[in-house]
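Worksheet: one structure, shown below.
Letters go in sequence order (proteins before strands), and every chain restarts at 1. These numbers come from the heavy atoms of this one structure, side chains and all, not from hydrogens, waters or symmetry mates.
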Amino acid sequence: MDPLSCGWDTAKYFIFSDNVFGSLVYYSHFFALIPSLIIGLLIFLKNPKGLMNRILFAITFLFSVWVFSDVVLWANEKIDFQMFFWSLQVIIEPIIYALSLYFIYVFITKNDISLGKKFFISILLFPTLIFASTKFALVGFDLSNCDREVTEGPITLFGYLIEIIYVFWILIFAIKSYFKAGIEMKKQIKDITLGIIFFLLSLSFGNIIGSFTDNWTIGQIGLFGMPIFVGFLAYMIVRFNLFNIKIFITQILVFSLGFLVLSILFIRHIENIQIVVTFTLVFIITLGFILIKSVKKEIEQREKLQILSVNLEDANEKLQSLDKLKTEFLSLASHQLRSPLTAIIGYTSMLLDGSFGKISDKQKEAIDRVFQSSRHLSTTVEDLLNVSKIEQGGMQYVKVPFDFEKASGDLAKDLSVTAEKKGLKLTFETDGKSPYTVNGDMEKIRQVILNFIDNSIKYTKEGSINVLLSKNEGAIRLSIKDTGMGMTPEIKAKLFQKFARAEGGKMNAGGSGLGLYLAKKIIEEGHNGKVGVDSEGMNKGSTFWMELQEA
Amino acid sequence: MKIKSKYFLIIMSVLILGSIFFSYYTFILKKDYKIFYSEDDIPNQTDIISIIKL
């Protein structure tokens with residue numbers, strides 16, 4: 001038959017002609033092609049190095065080429081174009097299946113597959129790739145009628161066979177993985193597998209039906225599976241936030257809707273208008289339902305967040321005012337306590353000195369207890385005052401260069417009397433690299449040294465305490481090593497926190513639990529230095545140390 | 001990406017692009033295809049198998 005006698009329309013721009021059975025071809029194809037290409041591109045651009053993103057982009061790209069080829073086959077009248085685009089589909093179609101299988105593997109395992117498996121998947125493609133342009137794939141062009149059909153050879157039929165193999169491969173792998181997966185993953189596996197299978201079947205549906213029955217009109221219905229797949233992919237992305245492009249997808253869906261309505265205007269013959277309008281309506285209702293549900297959910301979440309935010313703000317304000325009250329109370333109470341305490345300490349000290357006359361030993365013992373307890377209370381009050389000052393940001397440091405060796409040596413000498421009373425030997429040594437000058441608040445640093453040595457005396461039952469001053473690369477380090485009770489790593493980790501005391505509570509060693517907290521604040525925040533403790537464990541002694549920069 | 005995987009990807013790409021190119025060369029440039037003007041010219045499945053055997 002002469003092609004001229006068939007009265008085929010000459011296609012404009014490859015694809016626009018009256019040769020198609022109906023305008024549905026343009027409608028179903030372009031609605032699949034454009035959104036899928038945009039979604040694929042967006043997913044790729046979101047993370048060009050992501051393997052899943054790359055595979056999905058490859059699938060959507062090849063799918064778009066396939067859809068374009070299909071439109072050419074429907075519309076173009078030239079025999080050489082028919083042959084080329086038909087062979088292009090024979091090449092591309094199994095690759096889309098292979099990539100879908102690869103995608104399912106990566107999606108479920110979250111890892112790339114081995115090279116061996118890649119080769120095994122690809123080897124099935126080789127016959128179609130090698131023979132696509134030969135008579136084994138496409139025997140020739142059928143001009144015995146005006147249907148513009150290519151006579152397919154065994155390789156093309158083999159292509160359909162491997163597509164079925166890939167579908168079963170996907171199903172078997174997905175089912176196996178489904179039973180091994182957790183609840184959330186099960187949902188994802190089920191949805192993505194169904195989506196992919198539906199997509200693949202709808203992709204080949206038209207061609208397989210056409211090949212075996214020679215009825216290509218029925219095949220058109222299958223093409224509507226493609227836009228459904230694109231919508232399904234978009235739904236998956238929104239539901240599981242697969243590629244982190246939720247907002248883009250919503251935009252794409254709205255864009256697709258606009259495109260869908262717009263495309264009606266360009267349909268050359270409106271004989272299928274009922275199908276087109278029904279399809280558009282179903283899409284609008286579905287998309288509208290999804291969007292309304294999504295917006296409703298977002299609004300509910302936002303309202304909840306707003307209420308939570310207001311509650312949180314109130315709670316924060318209350319906490320701040322309570323914290324301020326606490327600090328003020330601490331400060332006020334400490335001040336109020338300090339004055340009477342000073343009087344008690346002063347008068348008991350004078351009583352012990354005999355300023356008010358001679359007292360009996362029994363009276364002296366009782367007054368000494370009052371004196372010692374008052375001093376202890378005074379130290380606690382002083383610590384509390386310092387903590388409230390630090391927390392209010394009101395701690396003032398009067399920094400001047402001073403001789404650290406003298407300050408620490410004098411303190412060690414003073415406290416050696418207390419140590420000796422307990423049967424302990426307290427020594428002071430340096431590494432001989434004097435001078436040890438530091439720039440800091442001498443009184444507060446002395447308080448820290450005093451606290452460290454005092455702690456060592458308190459927590460050491462027998463043995464010795466060695467105070468060592470050393471210098472290394474501009475840092476002056478004072479370490480107080482004792483043979484006391486030591487500590488576990490757990491205690492060590494909490495030791496410099498507020499109200500923390502080693503096993504002191506058990507030993508009844510006294511102390512407010514604020515000394516080391518204050519030491520850390522004074523040295524680290526006030527002087528940019530460091531404090532710490534080393535201990536090999538319980539009953540193995542400990543070494544408290546502080547480091548300050550040399551002036 | 002591992003080097004072996006990279007080579008594999010290159011080989012597959014060459015194979016696919018090569019196949020598309022040959023198809024383009026055969027059908028569009030050389031116009032090397034048969035046209036069956038009558039249904040009798042179209043080989044049936046048995047003939048197709050004989051083509052393979054040849």
Side-chain angles (χ1 to χ4, degrees), chain A residues 1-3 49 51 54 58 62 65 69 78-92 94-95 98-99 112-116 118-119 121-123 125-145 149-158, chain B:
Chain A
M1 193 177 279
D2 188 350
K49 286 185 178 172
L51 186 58
R54 283 179 178 184
L62 289 176
V65 176
S69 306
K78 288 196 175 96
I79 295 172
D80 47 354
F81 284 158
Q82 286 282 324
M83 292 299 286
F84 172 67
F85 282 100
W86 203 293
S87 75
L88 198 60
Q89 283 199 335
V90 170
I91 294 167
I92 288 173
I95 301 173
L99 282 171
D112 197 0
I113 57 174
S114 67
L115 191 65
K118 276 182 201 169
F119 184 75
I121 292 173
S122 313
I123 202 160
L125 300 170
F126 285 13
T128 47
L129 290 178
I130 294 164
F131 297 107
S133 53
T134 67
K135 59 190 170 187
F136 304 119
L138 304 178
V139 183
F141 192 81
D142 183 3
L143 258 183
S144 62
N145 53 46
E149 277 176 33
V150 172
T151 307
E152 293 175 333
I155 290 294
T156 307
L157 300 176
F158 172 77
Chain B
M1 197 188 275
K2 285 176 189 168
I3 292 196
K4 279 183 183 174
S5 286
K6 223 173 213 174
Y7 282 132
F8 178 76
L9 192 68
I10 292 167
I11 291 167
M12 283 310 292
S13 305
V14 169
L15 206 62
I16 293 165
L17 291 173
S19 180
I20 293 170
F21 172 76
F22 274 114
S23 182
Y24 178 77
Y25 175 78
T26 311
F27 298 125
I28 296 199
L29 295 181
K30 265 183 78 184
K31 299 192 193 299
D32 182 15
Y33 47 82
K34 275 185 184 173
I35 296 175
F36 305 117
Y37 290 97
S38 143
E39 271 192 39
D40 302 332
D41 298 338
I42 302 170
N44 58 29
Q45 287 299 312
T46 328
D47 290 335
I48 289 166
I49 292 163
S50 67
I51 293 169
I52 301 168
K53 278 181 183 168
L54 279 170

Is the CZ atom of B:F8 crowded by more than 12 outside heavy atoms at less than 6.0 Å? yes

Engaged part of A:F119 at the chain B interface, taking heavy atoms whose separation is under 4.5 Å: both

Straight-line distance of A:L88 CG to B:F27 CZ, nearest 0.5 Å: 11.0 Å

Counting only non-hydrogen atoms closer than 4.5 Å, does A:L129 touch chain B with its backbone (N, CA, C, O), its side chain (CB onward), both, or neither? both

Tell me, side chain or backbone of A:L125 under 4.5 Å from chain B's heavy atoms, or both, or neither? side chain

Any chance you could measure B:F21, atom CZ, to A:S133, atom OG, to the nearest 0.5 Å? 10.5 Å

Does a sphere of radius 6.0 Å around CZ in A:F81 hold more than 12 heavy atoms from other residues, nucleotides or ligands, not counting ones at 6.0 Å or beyond? yes

Spacing of A:F84 atom CZ and B:K31 atom NZ [to the nearest 0.5 Å]: 12.0 Å

What's the spacing between A:F85 CZ and B:I28 CD1 if we round to 0.5 Å? 6.0 Å

Cut-off 4.5 Å, heavy atoms of chain B, and the answer for A:I92 is neither

Distance from A:I95 atom CD1 to B:M12 atom CE, nearest 0.5 Å? 6.5 Å

If we only count heavy atoms from C-beta on, is the B:Y33 to A:D80 side-chain gap below 4.5 Å? yes

Measure the spacing between CD1 of A:I91 and CD1 of B:I16 and express it to the nearest 0.5 Å. 9.0 Å

Output the option from A:A132, A:S114, A:S122 having the highest count of non-hydrogen pairs under 4.5 Å with chain B. A:S122

